[in-house]
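Structure record follows, encoded as structure tokens.
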Amino acid sequence: MKKRNITFALIVAICAVVIVIVAAMGRKELKNDAVRVEKNDVTADMEQEEPDYSGLGNEQGNLENGGAQTYLESKGILIALSDEENAEMLYFNDDSQQLQFFCEKESCLHTGGDCISNQQLMYLCSYSSVVFGVSVSSRNEIWKVQNNEVSCFYRADSDKILGMWAYRGYIYYMGEFSLYRLPINNSSGVQKVLDRPILYEYLTFYGDKMYFCQEDTLLYQANLDGSGKVRFCDEKLVSPQVCDGWLYYRSMEYDKTGVYQTKNTLKAISLKNKKEKKILDEVYQFCTDTKEKKIYYEGISKSDDTTLNVLDLKTGKSSKLADCASAYMYEFPQSDWIVFAKHEGELEEGEIGGRPEHLYCVRKDGSAEKRLEYPERIQN
């Protein structure tokens, strides 16, 4: 009887050990499943963080040029050119490296006011091959350009629209005192996003956040609907742009009086832990290329001429691409080319203004630089 009890107790003990082992294995498997789910969630988040190219037209620093460019899928870079007498909408054809009229009607002479190539638009952005722009003559109207036709998409209550962006199904625009957004498929559903305006159109989007500078030239972060606004950086800066988990910006250093700007330094701050790092000194306009993980920039020069350069963020090496005139650089991740302005000739005696400029293109590796010829209209 005693021997039978010992045997029974031993069997019970063995069963208990087996149950513990099985339970532990189950917990381990559940833990592994949880890790796999967590990894899948992270992967999904990373996939969502991929750039929404529909918003890059106004994300990549072009608003320093007054929003004079956007990218047209399957075509190239759309550029709004204007002077005191003329205005025209041309696009740089990626395949042929030529400037072409925006209007592609076979019967159009491109001379009339109804031709989309002659529209005066600013703050350009595109969404699914549809172009939006603010009318230069009616500064509170957003026009929609589709299938070679232009129409009024939205009329704002404010006197002026001072900046516009397209991102994740919305048009964001800045009035004189606030930032608003409206759905692209419902122009009547306008919402106020921020009570205070954005400084010099310095607004960029990344994932489900937006980063922007306000009147104090400090950087803020908020959700896409404007909620959860917090200060993100205590340094005065302009032109925030995101690439590969870092937010790049131009830091403006002033003298002791805080009046005179003494230096422009390209810096970056991590979106993950806010770690800061210095990149380059004497940088003027720059564009981050989220596809190639590079930065294209213009250095500051004492002369009218400067250089167009590229910084490889993976290697940290910088190289010159071309000589250029400052302030005009059109670059997009979708294109292998950069369109930029270059000085040609000198001012005539007694002439007032800047030196004559002309558009050129160069491949992003610095090769095949080419002077671009403007298309000619058919004369009556």
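A donor-acceptor contact closer than 3.5 angstrom is absent between the side chains of K370 and Q98. Side-chain N/O atoms of Q100 and N93 include a donor and acceptor closer than 3.5 Å. Residues S318 and N309 have side chains that never bring a donor and an acceptor to within less than 3.5 angstrom of each other. Defined by atom type and a distance below 3.5 Å, a donor-acceptor pair is missing between the side-chain atoms of Q241 and T204. A donor-acceptor contact closer than 3.5 angstrom links the side chains of Y360 and E344.
Side-chain contact between M329 and E298 is present, with heavy atoms from C-beta onward closer than 4.5 Å. Between K236 and Y249, the closest side-chain pair of non-hydrogen atoms is not below 4.5 Å. For the pair Y330 and F340, the minimum side-chain heavy-atom distance is 4.5 Å or more. For the pair C243 and L313, the minimum side-chain heavy-atom distance is below 4.5 Å. Contact of the R168 side chain with the D208 side chain is registered, since non-hydrogen atoms from C-beta on lie closer than 4.5 Å. Under the 4.5 Å side-chain criterion, counting only non-hydrogen atoms from C-beta, K229 is in contact with F212. No side-chain heavy atom of W165 sits less than 4.5 Å from a side-chain heavy atom of C125. With contacts defined as side-chain heavy-atom distances shorter than 4.5 Å, the pair C287/Y297 does not qualify.
Every residue meeting the side-chain hydrogen bond (donor to acceptor under 3.5 Å, both in side chains) condition with E149, not counting sequence neighbours, appears here in chain and number order: K105. Annotation: side chain to side chain contact (heavy atoms under 4.5 Å, CB included) contacts of S188 (sequence neighbours excluded): N186. Every side chain to side chain contact (heavy atoms under 4.5 Å, CB included) that E373 has, sequence neighbours left out, goes to R371. With sequence neighbours left out, K75 forms a side chain to side chain contact (heavy atoms under 4.5 Å, CB included) with L72, Y91, E104. Among residues two or more places apart in sequence or in another chain, the ring-ring contact (aromatic ring centres under 6.0 Å, His included) test is passed with F232 by Y211. D244 is linked by a side-chain hydrogen bond (donor to acceptor under 3.5 Å, both in side chains) to nothing, counting only residues two or more places apart in sequence or in another chain. For D94, the side-chain hydrogen bond (donor to acceptor under 3.5 Å, both in side chains) test picks out Y71, S335, with sequence neighbours left out. Under the ring-ring contact (aromatic ring centres under 6.0 Å, His included) criterion, Y172 pairs with F205, sequence neighbours left out. Applying the side chain to side chain contact (heavy atoms under 4.5 Å, CB included) rule to A268 yields the partners W246, Y248, K277, I279; only residues at least two apart in sequence or on another chain are considered. Partners of Y296 under the ring-ring contact (aromatic ring centres under 6.0 Å, His included) rule, at least two apart in sequence or in another chain, do not exist in this structure. S117 pairs by the side-chain hydrogen bond (donor to acceptor under 3.5 Å, both in side chains) definition with nothing, not counting sequence neighbours.
Salt-bridge formation is detected for the pair E369/K342: a Lys NZ or Arg NE/NH1/NH2 atom is positioned less than 4.0 Å from an Asp or Glu carboxylate oxygen. Using a cutoff of 4.0 Å between basic side-chain nitrogens and carboxylate oxygens, E176 and K160 are not scored as salt-bridged.
Rounded to the nearest 0.5 angstrom, D95 CG and W337 CH2 are separated by 11.0 Å. To the nearest 0.5 angstrom, Q146 atom CD is 8.0 Å from S151 atom OG. To the nearest 0.5 angstrom, H110 atom NE2 is 5.0 Å from C103 atom SG. The line from CG of L237 to NZ of K267 is 9.5 Å long, rounded to the nearest 0.5 Å. From T290, atom OG1 reaches atom CD1 of I295 across 11.5 Å, with rounding to the nearest 0.5 Å. The CG atom of L219 sits 10.0 Å away from atom CD of E235, with the distance rounded to the nearest 0.5 Å.
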Open item on the list: Applying salt bridge (charged side-chain N to carboxylate O under 4.0 Å, His left out) to R196 and E215, what does each step give before you reach the verdict?
Closed with: CA-CA 9 Å; R196 296 171 62 188; E215 300 100 317; 3.0 Å; yes
Open item on the list: Go through it in stages, so that I can follow the logic: the residues are L203 and L179, the test is side-chain contact (heavy atoms from CB on, under 4.5 Å), and I'd like the CA-CA distance, side-chain angles, deciding distance and then a yes or no.
Closed with: CA-CA 10 Å; L203 168 65; L179 180 72; 4.3 Å; yes
TODO: Report the C-alpha distance between L224 and R181 in whole Å, list the side-chain angles of each, state the deciding distance to 0.1 Å, and finish with yes or no for side-chain contact (heavy atoms from CB on, under 4.5 Å).
DONE: CA-CA 9 Å; L224 296 180; R181 72 174 183 176; 4.0 Å; yes
Open item on the list: Could you go through L121 and V145, starting from their C-alpha distance and side-chain angles, then the distance that decides it, and tell me whether this counts as side-chain contact (heavy atoms from CB on, under 4.5 Å)?
Closed with: CA-CA 10 Å; L121 299 179; V145 183; 4.0 Å; yes
Open item on the list: side-chain contact (heavy atoms from CB on, under 4.5 Å), that's the test. Do I77 and I338 meet it? Break it down for me.
Closed with: CA-CA 9 Å; I77 302 172; I338 299 175; over 6 Å; no
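The backbone N or O of V136 lies less than 3.5 Å from no partner atom in the side chain of E141, so there is not a single donor-acceptor pair. Judged by distance alone, the side chain of S135 and the main-chain N or O of S137 form a donor-acceptor pair under 3.5 Å. Remark: the backbone N or O of D225 is not paired with any side-chain donor or acceptor of N223 at under 3.5 angstrom. Side-chain atoms of H358 come within 3.5 Å of backbone N or O of L372 as a donor-acceptor pair. Counting only distance, with no hydrogens or angles, the side chain of T306 and the backbone of G299 share a donor-acceptor pair below 3.5 Å.
Checked options Y154, F153, Y167; the residue passing with Y173 is Y154 (criterion: ring-ring contact (aromatic ring centres under 6.0 Å, His included)). Exactly one of D336, D312, D289 qualifies for a salt bridge (charged side-chain N to carboxylate O under 4.0 Å, His left out) with K364. That residue is D289.
Applying the salt bridge (charged side-chain N to carboxylate O under 4.0 Å, His left out) test to pairs two or more places apart or on separate chains, those with a residue in residues 183-192 are K192-D195.
L194 approaches Q214 most closely through the heavy-atom pair CD1-NE2, 4.3 Å. Of all heavy-atom pairs spanning W143 and C152, the tightest one is CD1-CA, 4.0 Å. What you find for L124 and A80 is that their closest heavy atoms are CD1-CB, 4.0 Å. Of all the heavy atoms in I116 and N148, the pair that sits closest is CG2-O, 3.5 Å. Closest heavy-atom contact between L99 and L359: CD1-CD1, 4.3 Å.
In the hydrophobic clustering of this structure, F177 does not group with I142; members are Ile, Leu, Val, Met, Phe, Trp, Tyr whose side-chain heavy atoms approach within less than 4.5 Å, directly or through other members. The cluster map of Ile, Leu, Val, Met, Phe, Trp and Tyr, joined by side-chain heavy atoms under 4.5 Å apart, puts F92 and Y374 in the same cluster.
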